[in-house]
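Ligands are counted one by one from 1 in listed order, and the atoms in each one are counted from 1 as well. Computed from a predicted model, the values in this text were never measured in an experiment.
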Amino acid sequence: MSSPGAQPTIFSRIIAREVPATIVAETERIIAFLDIAPKAPVHVVVTTKDPQYRNVVELAAKNPTLLGELVAVAEQIAAERTNGQFRLVFNTGAAAGQTVFHVHAHVLGSVNLNEQLGEDSLGAL
Ligand code: 5GP
């Protein structure tokens with residue numbers, strides 16, 4: 001959980017419309033926007049509006065229903081924007097590449113049926 005007085009995350013500032021982003025999906029509790037530094041032809045960040053969960057492990061333990069909603073939004077985005085096959089990546093911990101400690105998934109995909117994701121699109125996240 002974020003400590004009292006902690007700075008809002010960059011994602012909370014996007015949710016508050018204080019920082020611009022290209023929002024591609026929004027529900028009552030989930031929001032999705034294009035990653036500012038895409039690592040694949042399709043690269044969308046899907047996050048909870050509630051910033052209290054720092055990573056997917058916390059979200060799964062404390063609110064599995066909300067995790068299910070996040071995954072459902074990710075699947076909908078992938079259905080709309082990719083060839084239907086995609087990666088869903090939750091970096092967990094700084095050593096794993098997590099830089100924003102506000103739970104989020106990366107939807108990574110290609111746009112056409114013949115295109116494959118490179119191996120590096122996972123490692124570079
Ligand atoms: P992480 O490294 O924590 O798994 O993922 C954070 C992601 O947020 C990165 O892929 C990074 O490019 C993205 N990101 C960071 N700041 C911004 C921003 O201001 N706008 C958008 N759209 N994406 C951001």
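- Listed by atom number, the atoms of ligand 1 under 4.0 Å from H104 heavy atoms are 1 (P), 3 (O), 4 (O), 5 (O), 6 (C).
- The N/O atoms of L34, backbone and side chain alike, include one that comes under 3.5 Å of an N/O atom in ligand 1.
- Summarising the local packing, CD of E28 is surrounded by 12 or fewer heavy atoms from other residues, nucleotides or ligands at distances under 6.0 Å.
- Ligand 1 places these atoms under 4.0 Å from at least one heavy atom of F33: 22 (N).
- Residue contacts with ligand 1 for T99 involve both N, CA, C or O and side-chain atoms from C-beta outward (heavy atoms, distance under 4.0 Å).
- Under a 4.0 Å criterion applied to the non-hydrogen atoms of H106, ligand 1 contributes the atoms 1 (P), 4 (O), 5 (O), 7 (C), 10 (O).
- The I14 neighbourhood of ligand 1 comprises atoms 20 (N), with distances under 4.0 Å to a heavy atom of that residue.
- At under 3.5 Å, a nitrogen or oxygen of G97, whether backbone or side chain, sits near a nitrogen or oxygen of ligand 1.
- Ligand 1 does not have K39 within reach: every non-hydrogen atom of the residue lies 4.0 Å or more from it.
- Of all the listed residues (V44, I36, D35), D35 holds the heavy atom that lies closest to atom 10 (O) of ligand 1.
- Residues H104 and T47 have side chains that never bring a donor and an acceptor to within less than 3.5 angstrom of each other.
- Contact annotation: for F11 versus ligand 1, heavy atoms closer than 4.0 Å belong to the side chain alone.
- Atoms of ligand 1 lying under 4.0 Å from at least one heavy atom of A37, given by number and element, are 12 (O).
- In the hydrophobic clustering of this structure, I15 does not group with V107; members are Ile, Leu, Val, Met, Phe, Trp, Tyr whose side-chain heavy atoms approach within less than 4.5 Å, directly or through other members.
- The closest approach between any non-hydrogen atom of F101 and ligand 1 is not below 4.0 Å.
- L34 is not connected to V19 by any chain of hydrophobic side-chain contacts under 4.5 Å among Ile, Leu, Val, Met, Phe, Trp and Tyr, and they are in different clusters.
- Judged purely by atom type and a 3.5 angstrom limit, E58 uses its side chain to pair as donor or acceptor with the backbone of R54.
- Between the side chains of Q52 and D50, a donor-acceptor pair is found at a separation under 3.5 Å.
- Under 4.0 Å is where a charged nitrogen must lie from a carboxylate oxygen, and between E26 and K49 at least one such pair does.
- Within the 3.5 Å criterion, the main-chain N or O of E80 finds no donor-acceptor partner in the side chain of T82.
- Counting heavy atoms from C-beta outward, H106 and H43 have side chains that approach closer than 4.5 Å.
- Ligand 1 has no nitrogen or oxygen under 3.5 angstrom from a nitrogen or oxygen of Q98.
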